Amino acid sequence: MRRNAEAIEEGVAIALAAARLQVKNRILVDTIVDGDDFAVEVFGGDVREALLGLADEQDNAASSMSMARVKAFGRHSDPHGTHDYRDRDVRNLRRRAKQYAGVAKKLRQLAESDEDVTRIVEAARDAAWHDVENNIDNRLRIEAMRPDDDPNYAAMREARMESLRLVDLDRLAAEVKAREKRRKSAS
């Protein structure tokens, strides 16, 4: 029984990480890209939706394991592939079905709990803020860096110059042509 509880706990942890990532991305898009205000209630609905979607996936996996168990029962020949189960796999398939069902049950319980949903939203918000913080920090570090601060400056100079010639100057030339074309068509 202990092994099942650990597997369920691990499955829930993985599902929570997936839900948190999904909500974090939604927070980033809604607040930064769309300029919306952050509201726990709004993103709480996203958490519930993510948890229930993941619970449905777990239920489907449990159902698949149960069907595979039924098909495997009484089959004693050699398997022809990874998912070609035999009678010796029946016990393991039953345990896996129980574990998937246990994860689904726990995810549904979490989705019903306002406290757990709020905790997940806050964790997603913290993760989103951490991403923004890292991006700003990296950008400031790179753009404010002086050549003598970068130990790889000399080694990477040639690659940067090549990139400037092949990418940046071509892009600039294309932009100038497009701007000139728009100017001519407007007059």
Side-chain angles (χ1 to χ4, degrees), residues 1-139 141:
M1 186 61 181
R2 183 72 194 138
R3 192 166 38 174
N4 275 347
E6 288 174 359
I8 290 169
E9 199 174 295
E10 188 175 313
V12 169
I14 292 168
L16 285 174
R20 199 170 32 253
L21 177 65
Q22 185 177 340
V23 175
K24 176 196 82 164
N25 290 338
R26 174 80 192 277
I27 290 170
L28 288 170
V29 169
D30 285 6
T31 59
I32 294 175
V33 176
D34 296 342
D36 295 343
D37 292 333
F38 176 83
V40 173
E41 314 78 53
V42 171
F43 296 107
D46 292 328
V47 168
R48 283 187 171 85
E49 183 180 315
L51 290 174
L52 294 174
L54 291 165
D56 288 344
E57 286 180 19
Q58 295 298 303
D59 279 335
N60 290 337
S63 178
S64 294
M65 290 299 107
S66 294
M67 288 189 299
R69 188 182 85 231
V70 169
K71 285 174 60 178
F73 187 78
R75 295 178 74 191
H76 298 283
S77 60
D78 287 334
H80 298 292
T82 306
H83 300 290
D84 188 21
Y85 300 110
R86 296 295 184 249
D87 194 74
R88 65 180 168 263
D89 300 313
V90 167
R91 200 164 111 198
N92 185 41
L93 291 169
R94 181 182 301 115
R95 181 174 52 247
R96 287 172 61 190
K98 285 181 181 180
Q99 290 167 349
Y100 285 129
V103 172
K105 179 181 176 184
K106 179 66 176 166
L107 291 176
R108 285 193 171 82
Q109 290 171 346
L110 290 169
E112 291 175 6
S113 165
D114 291 338
E115 185 178 302
D116 288 323
V117 167
T118 299
R119 185 176 43 80
I120 295 167
V121 169
E122 289 172 352
R125 181 194 60 209
D126 291 346
W129 176 245
H130 186 68
D131 280 5
V132 170
E133 179 182 39
N134 282 341
N135 281 336
I136 291 170
D137 184 56
N138 288 337
R139 199 146 223 214
R141 185 169 304 154

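What you are looking at is a predicted structure, and each value in this text was computed from that prediction instead of being measured.
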How long is the straight-line distance from [atom2] of [Y] back to [atom1] of [X], given to the nearest 0.5 Å?
{"X": "Asp46", "Y": "Asp30", "atom1": "CG", "atom2": "CG", "result": "7.0 Å"}
{"X": "Lys105", "Y": "Lys98", "atom1": "NZ", "atom2": "NZ", "result": "12.5 Å"}
{"X": "Phe73", "Y": "Asp89", "atom1": "CZ", "atom2": "CG", "result": "13.0 Å"}
{"X": "Leu28", "Y": "Ile32", "atom1": "CG", "atom2": "CD1", "result": "5.0 Å"}
{"X": "Gln99", "Y": "Glu6", "atom1": "CD", "atom2": "CD", "result": "10.0 Å"}
{"X": "Leu51", "Y": "Asp116", "atom1": "CG", "atom2": "CG", "result": "9.0 Å"}

Intermediate values then yes/no, salt bridge (charged side-chain N to carboxylate O under 4.0 Å, His left out), Asp114 and Arg48: CA-CA 10 Å; Asp114 291 338; Arg48 283 187 171 85; 2.4 Å; yes

I need the minimum non-hydrogen distance between [X] and [Y], along with the two atoms involved.
{"X": "Val117", "Y": "Leu110", "answer": "CG2-O, 3.6 Å"}
{"X": "Leu52", "Y": "Ala111", "answer": "CD2-CB, 3.9 Å"}
{"X": "Val23", "Y": "Ala124", "answer": "CG1-CB, 3.7 Å"}
{"X": "Ala128", "Y": "Ile27", "answer": "CB-CG2, 4.0 Å"}
{"X": "Leu54", "Y": "Ala18", "answer": "CD1-CB, 4.3 Å"}

Tell me, yes or no, whether the heavy-atom count around [X] atom [atom1], taken from other residues, nucleotides or ligands under 6.0 Å, exceeds 12.
{"X": "Gln109", "atom1": "CD", "value": "yes"}
{"X": "Glu133", "atom1": "CD", "value": "yes"}
{"X": "Lys106", "atom1": "NZ", "value": "no"}

Could you tell me whether the side chains of Asp126 and His130 share a donor-acceptor contact shorter than 3.5 Å?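 Looking only at side-chain atoms, His130 and Asp126 do not form any donor-acceptor pair under 3.5 Å.
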
Using side-chain heavy atoms (C-beta onward) and a distance below 4.5 Å, is Lys24 in contact with Arg20?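 They are not in side-chain contact.
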
Please tabulate, for side-chain N and O atoms in residues 59-70, each donor-acceptor pair with protein atoms closer than 3.5 Å (sequence neighbours left out).
unit_1: Asp59; atom_1: OD2; unit_2: Arg108; atom_2: NH1; d: 2.7
unit_1: Asp59; atom_1: OD2; unit_2: Arg108; atom_2: NH2; d: 3.0
unit_1: Asn60; atom_1: ND2; unit_2: Asp56; atom_2: O; d: 3.4
unit_1: Ser64; atom_1: OG; unit_2: Asn60; atom_2: O; d: 3.1
unit_1: Ser66; atom_1: OG; unit_2: Ala62; atom_2: O; d: 3.2

Quick test of your reading: applying ring pair (Phe, Tyr, Trp, His ring centres under 6.0 Å), list the pairs with at least one residue in residues 99-125, sequence neighbours left out, ordered by first then second residue.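 Ring pair (Phe, Tyr, Trp, His ring centres under 6.0 Å) check on residues 99-125 returns no pairs.
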
Let me see the working for Arg26 and Val29 under side chain to side chain contact (heavy atoms under 4.5 Å, CB included), right down to the final yes or no. CA-CA 5 Å; Arg26 174 80 192 277; Val29 169; 5.8 Å; no

Side chain to side chain contact (heavy atoms under 4.5 Å, CB included), that's the test. Do Thr31 and Arg125 meet it? Break it down for me. CA-CA 10 Å; Thr31 59; Arg125 181 194 60 209; over 6 Å; no

